[in-house]
Amino acid sequence: MAEKRVLWGKKLPQVYKKLDEIDHILAGHLDVKLLELVKLRASVLNGCAFCVDLHTHKALGEGESQQRLFLVSTWYEAGERFTERERAALALTDEMTELGGTGVSDQAYEEAAEHFDETELAALMSAIAMINLYNRLAVTSQLHPKER
């Protein structure tokens, strides 16, 4: 049986604090519901149960509907349950999360650029990168959802 894994945020609280500061800066440039949808989608793709749980509850607290949260995993099939702006953000999230060998397509980038000004787009890209970092740290540390 493997030993309990290091909880990075406990061992490097100054790093966690700086990342949290960055999150607050980004939140000042984007709608909080949109941010939670993006964070939830990346967390689903990365298989991070801790972050799926966390961002589902945060989104509910912001007034997001259960139906839309259930549909984040299949947003591309959910029709008009998501706005064009949200769909563009989710498409960019998918491509930035699953870079593979092709990177981010011009189509996904240009679609996002149509719906977000340059500052918002920079914030969106940064938020997607941040949640991917958090997902990777949580999965590696084997963080599990809290009992609610």
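What you see is a predicted model, and the numbers here were worked out from it, not measured in a lab.
Taken together through direct or relayed side-chain contacts under 4.5 Å among Ile, Leu, Val, Met, Phe, Trp and Tyr, I25 and I131 form parts of separate hydrophobic clusters. Residues L71 and W75 share a hydrophobic cluster, clusters being chains of Ile/Leu/Val/Met/Phe/Trp/Tyr side chains in contact below 4.5 Å. Under the 4.5 Å side-chain heavy-atom criterion for grouping Ile, Leu, Val, Met, Phe, Trp and Tyr, F50 is not connected to L12 through any hydrophobic cluster. Hydrophobic clustering keeps V6 apart from L143 (ILVMFWY residues linked when any side-chain heavy atoms are closer than 4.5 Å, directly or through intermediates). Under a hydrophobic clustering in which Ile, Leu, Val, Met, Phe, Trp and Tyr are joined whenever their side-chain heavy atoms come within less than 4.5 Å, directly or via other members, L45 and M96 fall into different clusters.
Under the 3.5 Å distance criterion, the side-chain polar atoms of R87 are matched with a main-chain donor or acceptor of G79. One N or O on the side chain of R41 and one on the backbone of S73 form a donor-acceptor pair closer than 3.5 Å. Using a distance-only test at 3.5 Å, with no hydrogens or angles considered, a donor-acceptor pair links the side chain of D117 to the main chain of T119.
The pair E86-R68 counts as a salt bridge, with a side-chain nitrogen and a carboxylate oxygen less than 4.0 angstrom apart. Between D53 and K146, none of the side-chain N atoms (NZ, or NE/NH1/NH2) sits under 4.0 Å from a carboxylate O, so this pair counts as no salt bridge.
Annotation: the span from I22 atom CD1 to M130 atom CE amounts to 4.5 Å, rounded to 0.5 Å. Taken from CD in E62 to NZ in K33, the straight-line distance is 8.0 Å, to the nearest 0.5 Å. Taking CZ of R81 as the reference point, atom OG1 of T74 lies at 11.5 Å (rounded to 0.5 Å). For the atom pair M125 CE and L92 CG, the distance stands at 7.0 Å (nearest 0.5 Å). A distance of 14.0 Å separates NZ of K58 from CG of L69, quoted to the nearest 0.5 Å. Taking CG of L90 as the reference point, atom OG1 of T83 lies at 8.5 Å (rounded to 0.5 Å).
Counting only heavy atoms from C-beta outward, the side chains of L34 and F82 never approach each other to under 4.5 Å. Taking the side chain as every heavy atom from C-beta outward, L35 and L124 never approach each other to under 4.5 Å. Considering only heavy atoms from C-beta on, N135 stays 4.5 Å or farther from T97 through its side chain. Contact check for N132 versus I128: side-chain heavy atoms found under the 4.5 Å cut-off. L26 is not listed as a side-chain neighbour of L30, based on a closest heavy-atom distance of 4.5 Å or more. Inter-residue side-chain proximity for H144 and Q142 is flagged as met; some heavy-atom pair is nearer than 4.5 Å. Counting heavy atoms from C-beta outward, C51 and K39 have side chains that stay 4.5 Å or more apart.
Within a 6.0 Å sphere centred on CZ of R85, other residues, nucleotides and ligands contribute more than 12 heavy atoms. When the shell of 6.0 Å around CD of E84 is examined, it contains 12 or fewer heavy atoms from other residues, nucleotides or ligands. At most 12 non-hydrogen atoms from other residues, nucleotides or ligands lie less than 6.0 angstrom from CD of E80. When the shell of 6.0 Å around CD of Q107 is examined, it contains 12 or fewer heavy atoms from other residues, nucleotides or ligands.
Donor-acceptor pairing under 3.5 Å is lacking for the side chains of E120 and H29.
The two residues S43 and H55 make their nearest non-hydrogen contact at OG-CD2, 4.2 Å.
Relative ring orientation between Y16 and Y134 is described as perpendicular, the plane-to-plane angle rising above 60° on a 0-90° scale split at 30° and 60°.
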